[in-house]
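Working notes for the structure below.
By convention here, the first residue in the shown sequence is residue 1.
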Amino acid sequence: MEYVYLLMLVGLVIALCIFINRITDKLKVPSLLLFIGLGMVFGVAFRVAGLGNFTDYDLGNVVCSICLVFVIFYGGFGTNFKEARPVAGRALLLSFAGTALTAGIVGVFVYFLSSILPFFPSLGWAESMLIGSVISSTDAASVFNILRSRRLNLKYGTSSLLEMESGSNDPTSYMLTVVFTAVLAAQNGIAGATSMGAGEIVGMLFSQVGFGAIFGAAFGFLAILILKKFSFNMGQGGTIFILAIGLMTYALPSVLGELTGVSALAGNGYLAVYLCGIMIGNARIPQKRDCVRFFDALTNVAQMMIFFLLGLLATPEDLIKPAVLAPALLIFVFMTVIARPAAVTALLLPFRAKLNQIGVVSWAGLRGVASIVFAVYAMSELGVSEPGDALAYDLFSIVFVIVIVSIALQGSLLPLMSKKLHMLGDNDNVLRTFTDYQEESDVCFVKVRVGENHPWFGKKLREVVMPKEFLAVLIIRGEDTIVPGGDTVILGGDVIVTAAPEFENRDEFGMYEEYIGKNHPWAGKAVYELSLPRGTLIVMIKRKKETLVPNGSAVIQEEDVLAMIKLKEREPASAEPA
């Protein structure tokens, strides 16, 4: 029955994360930061209860790696390549060369830092470069979350640049982490590890990139072909198929070397799944709206679980040790002020990028979930359960502190920095840079049933008064389906299907249904007699086969279903200084 307690814990954690997300909306801090805090609270509670520290890095590596697959896939799926095409070259340059350059600069700094800090052990080049590699990628989840939630539309295509860079640079960081983990494993005599020369390292990098790209493109092309050519005889079959494709795209290149017995054939699963996500997300596939909603929910749960588990793995007293806190803060400051800006400047200046754009891109280099997951991977592969097993330092705790400070400081201040550097755009919607924008602003269809008392009854379609945004596209008359013209006369019993732009800004309200049962207190009352909470409106009444738009005198009957919205309270606008 132990699994029952585990399920109860998982359900409790997810529910708490949902409520925490409401708090972060008011505090204006990234929600992922509080998910980590929740994990740390549970970790402390376990220790107080005498259950000890949770240090199962192998389990953490498995769970976090699986969750990260969904996050990276949806990062590719959600990137609107049409919007990103003008900046794609720069974004990919930052993803690969920028990530490697940042890793190298930080690695060199860590090597020399370890020789001057009295309480930090002296490190070799492989150990130093491992730290630089693990924290070299920017976090897609945090960047996407801030751009969406704060509606940050940045000038010069910078939003698309950041989305593509942050979504695609995890594979580069992962490849570097794998390489230096393998080098350290060989140095420490880990079972199965073999020493690697420069040639083997270069070959491994080319293999990771090459086979990752090939499998990502192949699976993406195959998925699009199947989705367009075949229909699935089950609800949401297309969405389930895409989920299966995502898992296979990650797994096959990752285990190819093991399956064939040729280690040189191993590809980067994260790169593969990201490319596959971009291809599917930018293709015209059926039921895309359902797929967006499913993966939106799935990746939210995945992010919650990753950050909670990482918080659970952390030990608060270890995070404040001088051997952890001091190098972590120094590395963060160096990376934020020198390494990241140097890499971004060197790569963007040849494109004649403006200095304020370089400033925002440099500041937006948030470290996040991928960095900690890669640290967990390294510790799991090196057989680390306590600092000193195979590493001279506590890699997990150092990376953990860097990520916490990065999300808290860089993430919270990114909107302010964008404003101070005059990078906020006024004429467009940042949601256009995501593929699901077209789903949110797509056309919706409205059904109007015409009875003999309806104001449209007996009129020609051109005589009907309706908003200019509405278009009558079909009339269903008995068994017949009519494509109407202006002279089409509307008869009693007709069902008119109209098309209209769908409402985009769903974040401003919550929508729900209220069923009026036999003993419901609203039954038999007029709408104006109800004491509705402030900001709550009844927008529609579903009554058997009819759909009514109520006014104040409309009487609510038993078995009615009320479509209601609750508007979110808006913060008072702060006055801008003259």
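More than 12 heavy-atom neighbours from other residues, nucleotides or ligands sit within 6.0 angstrom of CG on Leu416. Enclosure of atom CZ in Phe221 is not indicated, since only 12 or fewer non-hydrogen atoms of other residues, nucleotides or ligands lie within 6.0 angstrom.
Checking each of Thr172, Leu176, Val179 against Ser133 for a side-chain contact (heavy atoms from CB on, under 4.5 Å) leaves exactly one that passes, namely Leu176. Tested against Ile331 for a side-chain contact (heavy atoms from CB on, under 4.5 Å), the candidates Val399, Ile131, Val405 yield a single pass: Ile131.
Here the CZ-CE distance, from Phe109 to Met335, works out to 10.5 Å after rounding to the nearest 0.5 Å. One finds the CD1 atom of Ile245 at 5.5 Å from the CG atom of Leu222 (value rounded to the nearest 0.5 Å). Between Tyr377 atom OH and Thr181 atom OG1 the span is 5.5 Å, to the nearest 0.5 Å. Rounding to the nearest 0.5 Å gives a distance of 13.0 Å between CD1 of Ile72 and SG of Cys276.
Remark: the backbone N or O of Val333 is not paired with any side-chain donor or acceptor of Thr336 at under 3.5 angstrom.
Taking the six-membered ring for Trp and the full ring otherwise, the centers of Phe295 and Phe73 sit less than 6.0 Å from each other.
Considering every non-hydrogen atom in both Arg367 and Ser406, the closest pair reads N-OG, 2.9 Å. For Gly359 against Leu421, the heavy-atom pair with the smallest separation is C-CD1, 3.9 Å.
Relative orientation of the Phe396 and Phe400 rings is tilted, given thresholds of 30° and 60° on the angle between their planes. Ring pair Tyr250/Tyr270 is tilted by interplanar angle, where 30° to 60° counts as tilted.
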